[in-house]
Amino acid sequence: MNAETPMAPANIVKAAKANILQGINAAIADAMEEDENVIALGEDLADPEEGGVCGVTKGLSSRFGEHRVRSTPISEQAIIGAAIGASLVGFKPIAEIMLMNFTTVAMDMIVNHAAKLRFMSGGQTHVPIVIRTMTGTGFASGGQHCDYLEAWFAHTAGIKVVAPSSPKDAYGLMRSAIDDPDPVLFIENLPTYWSPAEAPEKGHRVPIGKANVLSEGSDVTIIAYARMIQEAMPAVAKLKEAGISAELIDLRTIAPWDRETVVKSVARTGRAIIVHEAVTPFGAGAEIAAVLNEELFGRLKAPVRRLGGAFCPVPFSKPLETAFAPQTADIVAAAEALVKS
Amino acid sequence: MSNRATPDAATQLEIYRRMALIKANDERSRKVIMNGRLVMPYYSPRGQEVIPSAISVNLTDEDYICTIYRGSHDQLAKGLPLKDLWAEVAGRTTGTCKGKGGPMHVTYPAKGIMVTTGIVGSTMPIANGLAWGSQLRGDGRVTVASFGDGAANIGAFHESLNLAAVWKLPVIFVCQNNEWGEHTAYDKTSNVKVADRAAAYGMPGVRVDGNDPFEMYAVAQEAIARARAGEGPTLIEAMTYRFFGHVFGDADAYMDKARKADAMANDPVPRFRAQLIETGIATEEQLAEMEAAIEKEIDEAVEFALASDFPVVEELKRDVFAEEMA
Ligand SMILES: Cc1ncc(C[n+]2csc(CCOP(=O)(O)OP(=O)(O)O)c2C)c(N)n1
Ligand SMILES: [Mg+2]
């Protein structure tokens with residue numbers, strides 16, 4: 001499948017309760033309803049253009065008007081620039097960069113401007129924008145359409161980075177991102193858009209910077225986010241069968257990440273595995289591992305492990321693409337090795 | 001151009017005051033750096049005084065500008081107080097940005113100075129957003145995006161002009177063509193006039209003598225009126241000349257000596273000064289008094305800045321986010 005024209009995979013039953021895509025849509029709609037300063041822009045965003053390539057913003061322009069939900073030319077710098085400018089004068093723009101790889105052509109606007117204007121102006125101006133972007137392997141889109149580049153942004157002072165893994169978190173983090181007085185990069189995972197789960201409640205907020213302990217355990221802490229949660233959940237169950245008690249933390253926010261929750265957990269279990277789809281070198285896992293070593297040196301029962309994408313461009317061929325990102329079996333094997341070591 | 005607006009006497013005087021202020025401030029800046037009292041990257045706007053002076057008399061404090069590292073002329077013309085500017089470029093806590101931005105990032109929303117960027121070509125995308133805000137609110141404000149001739153070759157120029165035209169944004173793109181982008185002559189970087197590119201986006205493009213206050217005033221007034229009336233953006237290419245090297249300390253050996261001497265002989269500031277006296281708009285005494293007042297104000301600003309405190313190191317943790325960092 002081509003990521004430019006995605007469709008729900010045929011085997012996924014339409015939402016029983018709600019899916020992530022609906023969670024995001026509802027969050028934007030509720031925010032726009034409550035605050036007329038919330039506006040949105042991006043390629044194909046409005047309803048005449050079908051509400052986004054995946055339909056995440058479907059219905060919004062019909063409801064709130066095309067002046068507030070605006071389709072743009074294919075001009076990523078202009079999209080982020082317009083969002084920044086409008087935010088400087090009191091608007092709360094939600095800019096969509098269709099795919100995360102396309103943020104690369106807007107890096108100047110994001111990194112040199114959105115992230116820095118508050119500091120460089122001595123606090124006189126600030127940039128309360130949300131940048132929505134989707135990504136993720138699994139749809140055979142090859143090397144330029146599914147990278148996880150969160151570390152690039154987490155490495156930049158002045159921007160926050162979130163990556164929800166459930167409809168509730170998608171809704172709650174989107175509401176918090178829109179409320180936030182600073183720029184927030186909101187990473188959406190394409191392959192899991194349509195996964196149904198518990199529906200969010202209207203008005204629900206998930207605080208930025210707060211992780212979620214999805215399952216408690218005592219032998220090893222698995223720290224993951226985005227689609228990796230779907231790989232880690234079955235790993236926890238399999239480890240349990242093997243007599244290993246794993247704690248699973250959904251980080252939800254990558255920058256600023258929830259050090260307190262993670263450090264507390266690893267202090268207890270003495271072992272940690274960080275799992276992300278982004279390539280391993282210099283990734284978020286490296287930062288988390290470094291902090292765990294700084295905080296818990298001598299109390300760790302085993303070296304901190306990182307499981308990330310292979311250090312290569314995302315491959316096209318199915319077996320290679322599958323092997324690129326960490327899978328349930330990799331997590332199980334890594335946890336077993338740590339516990340046995 | 002006979003049917004174009006001519007600034008009235010008071011406006012002419014005001015344009016000159018802004019030009020004289022920019023010139024005097026530039027001369028003082030170079031002197032203060034030369035004397036070692038201040039260390040900063042300094043991009044002289046000398047020779048380009050007319051452009052922002054003749055534009056800004058058509059703007060109010062509510063209108064926005066985005067400008068660049070070579071921007072002290074744009075900022076002063078828009079009403080930036082000298083003390084705030086000097087304290088900022090001296091890195092003091094009393095500066096516009098508490099000394100955290102410096103000369104390349106002077107920001108002063110009280111006068112509509114929303115962004116100063118050190119990235120070539122980056123005023124335009126953000127200016128569009130400010131203008132989009134005005135369009136949504138219907139507040140009648142306009143945004144002026146300043147940039148150099150070199151910036152016209154950055155991708156953001158194309159994206160921004162196209163978007164502004166399609167969305168009919170109340171924005172004026174002002175290319176200050178000083179013939180140079182760092183050490184490279186404009187001729188070597190483009191086969192066409194910057195103004196001619198406007199046609200490609202479906203907006204008016206005007207090349208104007210940016211050193212002629214009347215021409216510059218008239219062209220700016222038309223573009224601003226168009227923007228305020230909801231008729232969309234205009235691209236103005238204001239022809240001018242950079243009197244010095246790119247940045248203070250650049251010996252400008254690459255610049256043609258005769259061309260430079262010619263430009264300096266046609267210095268727009270004394271030229272307009274003489275014209276004001278000749279046409280009876282002002283007397284020599286009046287202008288001398290005005291210039292003396294400017295010098296005095298600069299004296300005070302420099303001393304204020306240099307006597308001000310540097311920011312405390314805790315500032316490293318402030319203004320990164322709304323909430324101070326741990
Ligand atoms: C994106 C980017 N590329 C290169 C530079 C380095 N640089 C700074 S100023 C400049 C020349 C720009 O010339 P122009 O746009 O004509 O403006 P001027 O300096 O003449 O006012 C260059 C190349 C930069 N700051 N940003
Ligand atoms: Mg130039």
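The chains referred to below are lettered A, B, ... by the order of the sequence lines, with proteins before strands, and numbering in each begins at 1.
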**Q** For the side chain of B:Arg197 and the backbone of B:Ala152, is there at least one donor-acceptor N/O pair under 3.5 Å apart?
**A**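 Flag set: sc B:Arg197 to bb B:Ala152 pair under 3.5 Å.
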
**Q** Ignoring hydrogens and geometry beyond distance, is a side-chain donor-acceptor pair present between B:Asn177 and B:Glu237 at under 3.5 Å?
**A**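 On atom types as modelled, these side chains qualify, holding a pair under 3.5 Å.
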
**Q** Could you check whether any side-chain N or O of B:Thr143 sits under 3.5 Å from a backbone N or O of B:Tyr64, counting only pairs where one atom can act as donor and the other as acceptor?
**A**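 Judged by distance alone, no pair lies under 3.5 Å.
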
**Q** Check this for me: A:Gln144, atom CD, are more than 12 non-hydrogen atoms of other residues, nucleotides or ligands nearer than 6.0 Å?
**A**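 No, because the 6.0 Å sphere around CD of A:Gln144 holds 12 heavy atoms or fewer from other groups.
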
**Q** For the candidates B:Ala156, B:Ala164, B:Gly121, B:Ala127, which exhibits the highest count of non-hydrogen atom pairs separated by less than 4.5 Å from chain A?
**A**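 With the most close heavy-atom pairs to chain A, the winner is B:Ala156.
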
**Q** How close do B:Asp63 and B:Leu59 get, heavy atom to heavy atom, and via which atoms?
**A**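 Shortest heavy-atom contact: OD2-CA, 3.4 Å.
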
**Q** Using a 4.5 angstrom heavy-atom cutoff, name the option from A:Met120, A:Arg70, A:His113 with the most pairs to chain B.
**A**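 Maximum pair count with chain B is reached by A:Arg70.
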
**Q** Inspect the surroundings of CD in B:Glu303 and state if more than 12 heavy atoms from other residues, nucleotides or ligands are less than 6.0 Å away.
**A**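 Result for CD/B:Glu303: enclosed.
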
**Q** Look at the rings of A:Phe102 and A:His145 and say which category their plane angle falls in: under 30° parallel, 30 to 60° tilted, over 60° perpendicular.
**A**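 It falls in the perpendicular class, over 60°.
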
**Q** Which one of A:Arg68, A:Gln77, A:Met109 has the most heavy-atom pairs closer than 4.5 Å to chain B?
**A**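 Counting heavy-atom pairs under 4.5 Å, the top option is A:Gln77.
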
**Q** Should A:Glu34 and A:Arg175 be marked as a salt bridge (charged side-chain N to carboxylate O under 4.0 Å, His left out) after you check the CA-CA gap, both sets of side-chain angles, and the distance that decides it?
**A** CA-CA 11 Å; A:Glu34 282 172 28; A:Arg175 293 304 305 265; 2.9 Å; yes

**Q** Can you sort out the partners of A:Glu50 under salt bridge (Lys or Arg N to Asp or Glu O under 4.0 Å), two or more places apart, ordered by chain and number?
**A**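 Here no residue qualifies.
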
**Q** If you count heavy-atom pairs under 4.5 Å with chain A, which of B:Ile126, B:Asn162, B:Asn128, B:Thr117 comes out on top?
**A**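 Highest number of heavy-atom pairs under 4.5 Å: B:Ile126.
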
**Q** Looking only at heavy atoms and a cut-off of under 4.5 Å, which of A:Asn37, A:Ile79, A:Asn112, A:Val105 has the most pairs with chain B?
**A**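 Option with the top pair count is A:Asn112.
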
**Q** Quick one, A:His67 and B:Gln135 - any side-chain contact, counting heavy atoms below 4.5 Å?
**A**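 No. Closest side-chain heavy atoms not under 4.5 Å.
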
**Q** Look only at the side chain of A:Ser61 and the backbone of A:Val69, and say whether a donor-acceptor pair between them is shorter than 3.5 Å.
**A**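 Not confirmed, A:Ser61 side chain does not pair with A:Val69 backbone.
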
**Q** When only pairs under 4.5 Å are counted, which of A:Ile74, A:Val127, A:Asp182, A:Ile159 shares the most heavy-atom pairs with chain B?
**A**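 The residue among A:Ile74, A:Val127, A:Asp182, A:Ile159 with the greatest pair count is A:Asp182.
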
**Q** Please look at A:Asp180 and chain B and tell me whether the side chain, the backbone, both or neither of the residue comes under 4.5 angstrom of a heavy atom of that chain.
**A**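 A:Asp180 has no heavy atom closer than 4.5 Å to chain B.
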
**Q** Residues of residues 83-113 of chain B under 4.5 Å from chain A (heavy atom pairs)?
**A**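 Heavy-atom contacts from residues 83-113 of chain B to chain A are B:Thr96, B:Cys97, B:Lys98, B:Lys100, B:Gly101, B:His105, B:Thr107, B:Tyr108, B:Pro109.
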
**Q** Taking atom types as modelled and ignoring hydrogens, do the side chains of A:Arg132 and A:Thr57 form a donor-acceptor contact shorter than 3.5 angstrom?
**A**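 No.
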
**Q** Can you label the angle between the B:Phe147 ring and the B:Phe157 ring as parallel, tilted or perpendicular, going by 30° and 60°?
**A**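 Plane angle over 60°, so perpendicular.
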
**Q** For A:Ser121, is it the side chain, the backbone, both or neither that has a heavy atom under 4.5 Å from a heavy atom of chain B?
**A**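 Both backbone and side chain.
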
**Q** Using a 4.5 Å heavy-atom cutoff, which residues in residues 82-93 of chain A come close to chain B?
**A**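 Counting heavy atoms that sit under 4.5 Å from chain B, the residues of residues 82-93 of chain A involved are A:Ala82, A:Ile84, A:Gly85, A:Ala86, A:Leu88, A:Val89, A:Gly90, A:Phe91.
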
**Q** Could you give me the CA-CA distance, side-chain angles and deciding distance for B:His246 and B:Arg70, then say whether side chain to side chain donor-acceptor pair (under 3.5 Å) is met?
**A** CA-CA 9 Å; B:His246 171 63; B:Arg70 193 184 315 286; 3.0 Å; yes

**Q** Measuring from atom CG of A:Leu149 to atom OG1 of A:Thr135, what distance do you get when rounded to the nearest 0.5 angstrom?
**A**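 With rounding to 0.5 Å, CG (A:Leu149) is 6.5 Å from OG1 (A:Thr135).
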
**Q** With only heavy atoms counted, which part of A:Lys160 is less than 4.5 Å from chain B, the side chain, the backbone, both or neither?
**A**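 For A:Lys160, the contact with chain B is made by backbone and side chain together.
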
**Q** Can you pull out the residues in residues 317-326 of chain B with any heavy atom less than 4.5 Å from chain A?
**A**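 Listed by number, the contacting residues are B:Arg318, B:Asp319, B:Val320, B:Phe321, B:Ala322.
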
**Q** For a quick test of reading the model, state the closest non-hydrogen atom pair linking A:Ala163 to A:Ile254 and the distance between them.
**A**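 Taking A:Ala163 first and A:Ile254 second, the nearest heavy atoms are CB-CD1, 3.8 Å.
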
**Q** Could you check if a side-chain atom of B:Leu38 sits within less than 4.5 angstrom of a side-chain atom of B:Leu306, using non-hydrogen atoms only?
**A**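 The answer is yes; the side chains approach within 4.5 Å.
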
**Q** Side chain, backbone, both or neither: which part of B:Glu315 has a heavy atom under 4.5 Å from chain A?
**A**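 Contact with chain A: backbone only.
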
**Q** Quick one: are B:Tyr43 and B:Ile68 in side-chain contact, heavy atoms under 4.5 Å?
**A**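 Contact flag for B:Tyr43/B:Ile68 side chains = no.
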
